[in-house]
Amino acid sequence: MTKLTEAALRRDMVATCRQMNATGINQGTAGNLSVRLDAEHFLVTPSSLPYDKMQPADIMKMGFDGTYEGKHHPSSEWRFHRDILRARPDIDVVLHCHSMYATTLAVHHKPIPSFHYMTGVAGGTTIRCARYATFGTQALSDAALEALEDRLACLLGQHGQISLGRDFAAALWLANEVETLSRMYVQALVLGEPPVLDDAEMGRVIEQMRRMSYGQMPEPDGANDVARPKAAAKGVRRVVAKRKPVAKAKARKRA
Ligand SMILES: [Zn+2]
């Protein structure tokens, strides 16, 4: 769970909303954002307030029981923010938007397949599309939770996308990746349905991504040269140097 104070989370939330506008993934007041505050509460953006006018004090504080404090109404999508934060202890931030290309696929109920290895950023071989349900309803929240099973992102049928993260930066990054993948996929479809990477390859991709998220280099089987800091490389040269006497000994034998 996040260790930031409520004041810091409110400031970061406003900054992230402005970045949603700056990166172009937000359409008007359609997007919304939430962050886990503690075991009983979360913060969520208010309903119908443009992000460029929003201040930290405008952010709404909600209980997981549906009660709220603040000077506005919470986002009409507070239900799926609440339900996802409650069901997914592995993440602390829920970001929702109607980004253009993700929504283009979602209006056709088309999930994103593994046409490109980056589909693995959401944690699986596909980024699913949740069935349609009216905005703001429990039915939409239930559909979103289902589509997000073992995933960090999903499309929402005839609606938009949801991206999750450990913090604001991770959720914002993922939302932009989902939008970029969607754009590539829509573009690729111009030439016909593209081929997909098989599940075994996507398994390797997801494992590489997992290793990198823990700060390790993607080197699962030692088949390649390993990129390494220069200090470590000196160690490798010493190992090579130790072999020289063997070669010299062989040379002497031949002589
Ligand atoms: Zn929406």
Side-chain angles (χ1 to χ4, degrees), residues 2 4 6-37 42-62 70-85 88 91-107 112 118 121-123 127 129-130 135-136 140-141 144 147-148 151-186:
T2 178
L4 294 177
E6 181 175 337
L9 286 172
R10 284 173 180 265
R11 277 198 307 272
D12 288 357
M13 204 159 175
V14 170
T16 306
C17 287
R18 301 232 166 105
Q19 283 180 283
M20 286 169 69
N21 279 352
T23 56
I25 58 170
N26 190 50
Q27 302 293 311
T29 57
N32 33 74
L33 182 66
S34 67
V35 62
R36 190 189 312 278
L37 186 56
F42 62 100
L43 299 176
V44 65
T45 44
S47 179
S48 308
L49 186 68
Y51 288 163
D52 54 351
K53 292 195 171 66
M54 195 170 69
Q55 297 299 321
D58 292 314
I59 302 290
M60 303 296 291
K61 182 174 177 177
M62 287 198 81
K71 45 186 179 179
H72 305 279
H73 290 293
S75 161
S76 57
E77 299 295 12
W78 65 268
R79 254 177 245 280
F80 70 60
H81 287 276
R82 189 255 324 251
D83 293 351
I84 295 167
L85 288 169
R88 294 288 298 267
I91 57 93
D92 288 323
V93 171
V94 179
L95 187 158
H96 166 61
C97 61
H98 299 179
S99 58
M100 187 60 72
Y101 285 90
T103 307
T104 299
L105 294 174
V107 298
I112 304 177
M118 282 294 280
V121 290
I127 296 173
C129 183
F135 78 93
L140 177 61
S141 178
L148 284 167
R151 298 286 192 279
L152 291 170
C154 72
L155 306 180
L156 298 177
Q158 286 157 306
H159 187 155
Q161 63 139 308
I162 295 177
S163 288
L164 314 179
R166 266 282 179 211
D167 51 32
F168 290 122
L172 182 66
W173 176 82
L174 184 57
N176 277 292
E177 288 299 323
V178 170
E179 178 62 5
T180 301
L181 277 166
S182 300
R183 188 174 180 176
M184 287 174 185
Y185 187 40
V186 168

Would I91 and R166 count as a side-chain contact (heavy atoms from CB on, under 4.5 Å) here? Give the steps.
CA-CA 5 Å; I91 57 93; R166 266 282 179 211; 5.6 Å; no

Smallest heavy-atom separation, C129 atom then A147 atom, equals C-CB, 4.5 Å

State the CD1-CG distance between I59 and L49, to the nearest 0.5 angstrom.
8.5 Å

What about the rings of H159 and F135, do their centers lie closer together than 6.0 Å?
no

Atom pair CD (E77) and CG (L156), whose distance is rounded to the nearest 0.5 Å
8.0 Å

Tightest non-hydrogen contact, residues P74 and M62, listed as CB-SD, 3.6 Å

Rounded to the nearest 0.5 Å, the CD1 atom of I127 sits from the OG atom of S182 at a distance of 7.0 Å

State, with a plain yes or no, whether a side-chain heavy atom of L4 is found less than 4.5 Å away from one of D12.
yes

In short, P50 meets S48 closest at the heavy-atom pair CD-O, 3.8 Å

side-chain contact (heavy atoms from CB on, under 4.5 Å), that's the test. Do L172 and L95 meet it? Break it down for me.
CA-CA 7 Å; L172 182 66; L95 187 158; 4.1 Å; yes

Tell me if the CE atom of M118 is crowded by more than 12 foreign heavy atoms within 6.0 Å.
yes

If a pair satisfies side chain to side chain donor-acceptor pair (under 3.5 Å) and one of its residues is in residues 13-23, list it, with sequence neighbours excluded.
N21-N26

Check against side-chain contact (heavy atoms from CB on, under 4.5 Å), F80 and N32
CA-CA 11 Å; F80 70 60; N32 33 74; 4.1 Å; yes

Are any side-chain N or O atoms of Q161 and backbone N or O atoms of H96, one a donor and one an acceptor, separated by less than 3.5 Å?
no

Might you work through the side-chain contact (heavy atoms from CB on, under 4.5 Å) test for L155 and I112, ending with a clear yes or no?
CA-CA 9 Å; L155 306 180; I112 304 177; 4.1 Å; yes

Validation row: M20, C97 side chains within 4.5 angstrom (heavy atoms)
yes

Can you name the ring pair (Phe, Tyr, Trp, His ring centres under 6.0 Å) partners of H81, sequence neighbours left out?
none

Does anything in residues 42-61 form a salt bridge (Lys or Arg N to Asp or Glu O under 4.0 Å)? List the pairs, not counting sequence neighbours.
E6-K61, D58-K71

Would you call Y185 and L105 a side-chain contact if the rule is heavy atoms closer than 4.5 Å?
yes

Is the closest side-chain heavy-atom distance between M54 and P46 below 4.5 Å?
yes

Is the backbone N or O of G31 less than 3.5 Å from a side-chain atom of Y51, with the two atoms forming a donor-acceptor pair by type?
yes

Excluding sequence neighbours, so at least two apart, what forms salt bridge (Lys or Arg N to Asp or Glu O under 4.0 Å) with R88?
D90

Distance-only, no hydrogens or angles: does the R36 side chain make a donor-acceptor pair with backbone N or O of L85 under 3.5 Å?
yes

Please identify each residue that fulfils salt bridge (Lys or Arg N to Asp or Glu O under 4.0 Å) with R79, with sequence neighbours left out.
none

Under a 4.5 Å cut-off applied to non-hydrogen side-chain atoms, are V121 and V178 in contact?
no

Would you name the heavy atoms of L174 and S163 that are closest together and state the gap between them?
C-OG, 3.8 Å

Give the minimum heavy-atom separation between F42 and W78, together with the two atoms involved.
CZ-O, 4.3 Å

Residues in side chain to side chain contact (heavy atoms under 4.5 Å, CB included) contact with D83, at least two apart in sequence or another chain
R86, Q138, S141, L145

Is the backbone of L33 close enough, under 3.5 Å, to the side chain of T45 for a donor and an acceptor to pair up by distance?
yes

Output for pair (I25 CD1, E177 CD), nearest 0.5 Å, gives 11.0 Å

Quick one: pull up CD in E179 and OG1 in T103 and give me the separation to the nearest 0.5 Å.
7.0 Å

Would you give the length of the straight line joining atom CZ of R11 to atom CZ of F168, rounded to the nearest 0.5 angstrom?
11.5 Å

